[in-house]
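Just so you know, residue 1 is the first one in the sequence shown, and it goes up from there. Since this is a predicted model, take the numbers as computed values, not measurements.
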Amino acid sequence: MSNEKIKPKLNGTAETMLQCFYARAMHSRNPKNKFRDTKAEELIDRIDYDFSNAKKDTAMSGGIVARSVVFDELVSDFIRKNPDCTVVNIACGLDTRFYRMDNGKITWYNLDLPETIRDSIYQESGRVSTIACSVLDPAWADQVKVRGKMLFIIEGLTMYMKADEVRMMLAIIRDHFDNAYGCMETLCPYFVKKENIEKSIQATGATFTWGANSFADLGDIAAGFRKVKDDNIARGMETLNPIYKLVMWMPIIHKFAEKILVFEKA
């Protein structure tokens, strides 16, 4: 792997992946924190990018780490039950979850737009590889060669999509894969059009456009799938600060927390 500096040329939604990567790396570097992302720590210094906005944005960084903790829990549980499964990480950006989850048997596809810089940094192949394609282009499904028990991770994406685009994305999964199981993050609808709360995200030009509080809220967007459970990132917040345990019982915390909807093909 080269140590040459990478200067990304991204904007809007694609640029938000850099903020997420930075948040995980910086949190992991703090010896007092429980969440560890050693791969992000290793690679963050190779990116030539002004992270000053992300450094000051505690709302963004806290949410990123909290959702990473809960997604790690959900993904790890699925892999434990299905050790030979195939995982498709949709809109993966610079996500490093494979390196935290790998059991030596899984097959992992990282799916994202061609203009992202993942290949220039990771140079992955074999059981972990990258598909450079829009999630709205059905062609990506043909590049997933290893099938079986399928887990689809949709993290940090749907809040930037329209309802019809979410419907299209889920339809591609439904129509091209059997044994499909999904974990999809959704924004609380109250926060749609409130991206100014996360200043580093606002600075990229990305805007929040869609949200849902439960699988039932999806309606025909999730046609062909059935609910496994409605989850959220609230318990992940305890990793940031144990004081959150004192308020986890409050319904308002769960109401406004980002959701993780877990579902499977019917």
Side-chain angles (χ1 to χ4, degrees), residues 20 34-35 62-92 95 97-98 100-101 103 106 108 111 135 148-159 161 163 165-192 208 210-240 244-245 247-266:
C20 298
K34 297 178 182 179
F35 175 77
I64 296 301
V65 174
R67 82 183 188 197
S68 295
V69 168
V70 179
F71 264 101
D72 276 8
E73 175 191 309
L74 295 171
V75 174
S76 179
D77 183 64
F78 185 89
I79 292 173
R80 180 181 57 80
K81 295 174 181 175
N82 305 280
D84 298 313
C85 67
T86 294
V87 181
V88 180
N89 192 14
I90 292 175
C92 62
D95 186 74
R97 185 166 285 114
F98 169 79
R100 300 195 298 276
M101 300 287 109
N103 63 356
I106 58 174
W108 191 288
L111 170 65
V135 70
K149 291 287 186 179
M150 303 291 303
L151 171 63
F152 295 87
I153 302 170
I154 309 169
E155 179 182 6
L157 175 63
T158 65
M159 62 283 296
M161 303 177 81
E165 292 174 327
V166 179
R167 180 185 291 107
M168 186 183 306
M169 172 179 63
L170 295 182
I172 292 171
I173 295 172
R174 180 195 66 218
D175 295 343
H176 289 82
F177 298 95
D178 296 323
N179 301 313
Y181 190 98
C183 297
M184 183 173 76
E185 179 190 11
T186 60
L187 187 69
C188 172
Y190 173 81
F191 291 108
V192 173
F208 297 152
W210 181 81
N213 269 327
S214 66
F215 182 80
D217 286 351
L218 299 182
D220 65 359
I221 289 175
F225 293 95
R226 60 177 170 242
K227 171 184 170 180
V228 174
K229 66 175 178 177
D230 291 335
D231 209 336
N232 62 64
I233 70 169
R235 66 184 178 280
M237 294 165 62
E238 296 179 22
T239 300
L240 301 175
Y244 281 116
K245 292 180 180 180
V247 298
M248 283 301 105
W249 62 271
M250 298 175 66
I252 194 170
I253 298 294
H254 297 269
K255 177 180 179 180
F256 289 118
E258 291 171 59
K259 307 305 187 294
I260 301 177
L261 310 183
V262 184
F263 50 87
E264 60 187 0
K265 187 172 177 177

Using every non-hydrogen atom in the two residues, find where [X] and [Y] come nearest and quote the distance to one decimal.
X	Y	answer
T186	W210	CG2-CZ3, 3.7 Å
N179	G148	CB-O, 3.5 Å
W108	M101	CZ3-CB, 4.2 Å
S214	D230	CB-OD2, 3.3 Å
A257	C188	O-CB, 4.3 Å
C20	I64	SG-CD1, 3.4 Å

Full working for side chain to side chain contact (heavy atoms under 4.5 Å, CB included) between F98 and I106 = CA-CA 9 Å; F98 169 79; I106 58 174; 4.1 Å; yes
So, the side chain of R174 versus the backbone of F225: is there a donor-acceptor pair under 3.5 Å, distance only?
-> no
Taking the side chain from K265 and the backbone from F177, do they hold a donor-acceptor pair closer than 3.5 Å?
-> yes
Once you round to the nearest 0.5 Å, how far does [atom1] of [X] lie from [atom2] of [Y]?
X	Y	atom1	atom2	answer
I260	C183	CD1	SG	7.5 Å
F152	M184	CZ	CE	13.0 Å
E73	S68	CD	OG	13.0 Å
F78	E264	CZ	CD	9.5 Å
L187	F208	CG	CZ	6.0 Å
L170	I154	CG	CD1	5.5 Å

What I'd like to find out is whether the side chain of [X] reaches to under 4.5 Å of the side chain of [Y], using heavy atoms alone.
X	Y	result
M150	I173	no
F71	I153	yes
V135	L111	yes

Taking atom NZ of K149 as the centre, does the number of heavy atoms from other residues, nucleotides or ligands within less than 6.0 Å exceed 12?
-> no
Can you tell which of D72, V70, D77 makes a side-chain contact (heavy atoms from CB on, under 4.5 Å) with L74?
-> V70
For side chain to side chain contact (heavy atoms under 4.5 Å, CB included), just list the numbers for V228 and Y181, CA-CA rounded to whole Å, side-chain angles, deciding distance to a tenth of an Å, and then say yes or no.
-> CA-CA 9 Å; V228 174; Y181 190 98; 3.6 Å; yes
Is a side-chain donor-acceptor pair under 3.5 Å present for N213 with K259?
-> yes
